[in-house]
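The structure under discussion appears below in the form of structure tokens.
Counting starts at 1 for both ligands and their atoms, in listed order.
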Amino acid sequence: MSNGFDPFEDASLIVAHDMSNAYDAVVPPIVQTSLFTFTDYDDMIASYRGEKIRPIYTRGLNPTVRMFEEMLAKLEGTEDAIGFASGMSAISSTVLSFVQPGDHIVAVKHLYPDAFRLFGTFFKRMNIEVTYVDGRDEEEVAKALPGAKLLYLESPTSWVMETHDVAALAALAKSHGVLTTIDNSWASPIFQQPIALGVDLVIHSASKYLGGHSDVVAGVVAGSRELIGRIRGEAYPYLGGKLSPFDAWLLIRGMRTLPIRMKAHEQSTVVIAKRLQAHAAVETVCYPGLANQLAPGLTGTSGLFSFIFKEGIDVRTFSDHLTLFKLGVSWGGHESLIVPGDVVLAQKAQPNSAVAFGISPRSVRLHVGLEGTEALWSDIEAAIAAASAG
Ligand SMILES: Cc1ncc(COP(=O)(O)O)c(C=O)c1O
């Protein structure tokens with residue numbers, strides 16, 4: 001299901017700003033300022049009264065940030081969007097805008113680990129209860145929903161990449177009067193448009209595919225004017241996780257190539273994941289692109305997946321032998337990356353558990369970048385051969 005906006009045919013991602021305002025520059029200027037001045041007292045008081053919507057202070061409204069928000073809202077098919085200083089800031093501000101102490105959240109298992117930790121630390125202290133469900137089991141989700149305030153989805157989930165029928169889960173939530181949010185960072189709006197599937201709010205770590213060049217940490221949330229207005233009213237100004245104009249400008253730059261980058265990530269990753277699945281050293285590959293049919297609502301697959309080695313393959317040797325895949329967290333940029341599962345499990349941050357994240361110590365997570373499919377596959381093949389040799 002799509003929102004009707006075709007990112008491959010509509011030129012507005014490329015021509016994304018008002019030229020009349022920018023000296024005909026093909027790239028919009030960065031409005032790098034903390035505050036905006038007023039012509040006189042009347043101008044100022046009209047703005048404070050809300051009679052005139054214009055930038056006053058960059059923590060509230062900045063034209064470069066607004067340009068990015070409008071681009072993302074268009075891609076997600078929503079009325080509005082709001083940028084944040086990080087994906088985590090987008091997650092915390094969104095959830096805190098809709099839940100209060102004593103409220104109940106239903107979340108899918110194997111969430112992004114820092115979201116899981118936010119729920120298990122701050123939210124626990126605030127007496128906000130989170131029930132984790134298997135998003136593939138609609139009966140289990142239906143049982144958990146009565147009385148909940150929020151259904152928190154991620155599809156595919158982090159690391160184990162389980163996909164869900166997002167439209168079915170959003171419909172279930174709606175029937176119980178529960179608001180649905182989804183972390184759509186993995187698929188990006190190019191391969192999954194959750195609003196068209198009935199989800200209320202779509203969250204992104206813009207540090208991933210939206211930015212696409214590993215030079216920004218940012219977040220964004222898209223939804224109706226009313227729901228984004230709720231976030232904009234309190235959580236945004238008072239928690240203060242504001243997206244900076246320079247980072248917004250980098251995101252505008254990155255999003256021009258989002259559709260073609262996503263296609264390139266998908267093409268290479270499908271080939272590599274299939275070859276790994278057929279490899280004698282590999283037990284399981286967790287990648288939504290290997291199924292005969294994509295999960296309902298998903299129209300393509302990105303470059304992030306994990307796989308589990310068979311016993312006897314040395315993950316350390318494999319990781320150290322790779323030359324194109326660099327050891328590094330995050331994903332969504334032009335470069336290929338690897339994270340070994342046992343390294344994540346060694347992290348001191350709490351709560352931390354292999355069960356919560358579904359991470360096997362024999363697994364690795366790869367991000368397939370834009371270096372070229374055959375070069376990347378040769379790198380993996382040679383590293384597996386070295387890791388099998390002991
Ligand atoms: C699925 C997912 N959601 C959210 C985040 C958090 O985003 P950020 O690092 O921009 O705060 C990440 C970061 O890795 C992620 O992988």
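Pairs passing the ring pair (Phe, Tyr, Trp, His ring centres under 6.0 Å) check and including a residue from residues 61-103, sequence neighbours excluded, read Phe84-Tyr236. For residues 142-174, the ring pair (Phe, Tyr, Trp, His ring centres under 6.0 Å) pairs, not counting sequence neighbours, are Phe119-Tyr152.
Of the heavy atoms in Ala218, only backbone atoms (N, CA, C, O) come closer than 4.0 Å to ligand 1. The proximity of Trp186 to ligand 1, defined as any non-hydrogen pair under 4.0 Å, does not occur for either the backbone or the side chain.
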Hey, mind stepping through Glu283 and Arg362 against salt bridge (charged side-chain N to carboxylate O under 4.0 Å, His left out) and telling me if it holds?
-> CA-CA 10 Å; Glu283 192 173 285; Arg362 278 188 287 115; 3.2 Å; yes
Take Thr257 and Arg261, measure what side chain to side chain donor-acceptor pair (under 3.5 Å) needs, and give me the verdict at the end.
-> CA-CA 6 Å; Thr257 55; Arg261 281 189 287 108; 3.0 Å; yes
Please walk me through it: do Arg316 and Asp342 pass salt bridge (charged side-chain N to carboxylate O under 4.0 Å, His left out)?
-> CA-CA 9 Å; Arg316 178 200 292 253; Asp342 56 352; over 6 Å; no
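The atoms of ligand 1 that sit less than 4.0 Å from any heavy atom of Met88 are 6 (C), 7 (O), 8 (P), 11 (O). The distance from ligand 1 to the heavy atoms of Ser86 drops below 4.0 Å at these ligand atoms: 10 (O), 11 (O). Close contacts of ligand 1 with Ser207, meaning ligand atoms under 4.0 Å from a residue heavy atom, involve 8 (P), 10 (O).
Remark: of the listed residues Arg225, Lys74, Arg232, Arg232 is the sole one forming a salt bridge (charged side-chain N to carboxylate O under 4.0 Å, His left out) with Asp80.
The aromatic ring centres of His110 and Phe116 sit 6.0 Å or more apart.
Nearest residue to atom 9 (O) of ligand 1 from Glu154, His204, Lys208 is Lys208 (criterion: closest heavy atom).
Among protein heavy atoms, atom 5 (C) of ligand 1 sits closest to Tyr112 CE2, 3.4 Å. Of the protein's non-hydrogen atoms, the one nearest atom 2 (C) of ligand 1 is Asp183 OD2, 3.5 Å. Looking only at protein heavy atoms, the nearest one to atom 7 (O) of ligand 1 is Ser205 OG, 3.0 Å. Of the protein's non-hydrogen atoms, Gly87 N, 3.3 Å is the one closest to atom 8 (P) of ligand 1.
Below 3.5 Å of separation, one finds no N or O of Ser330 facing any N or O of ligand 1.
The aromatic rings of Phe309 and Phe318 sit perpendicular, their planes meeting at an angle over 60°, well past the 30° parallel limit.
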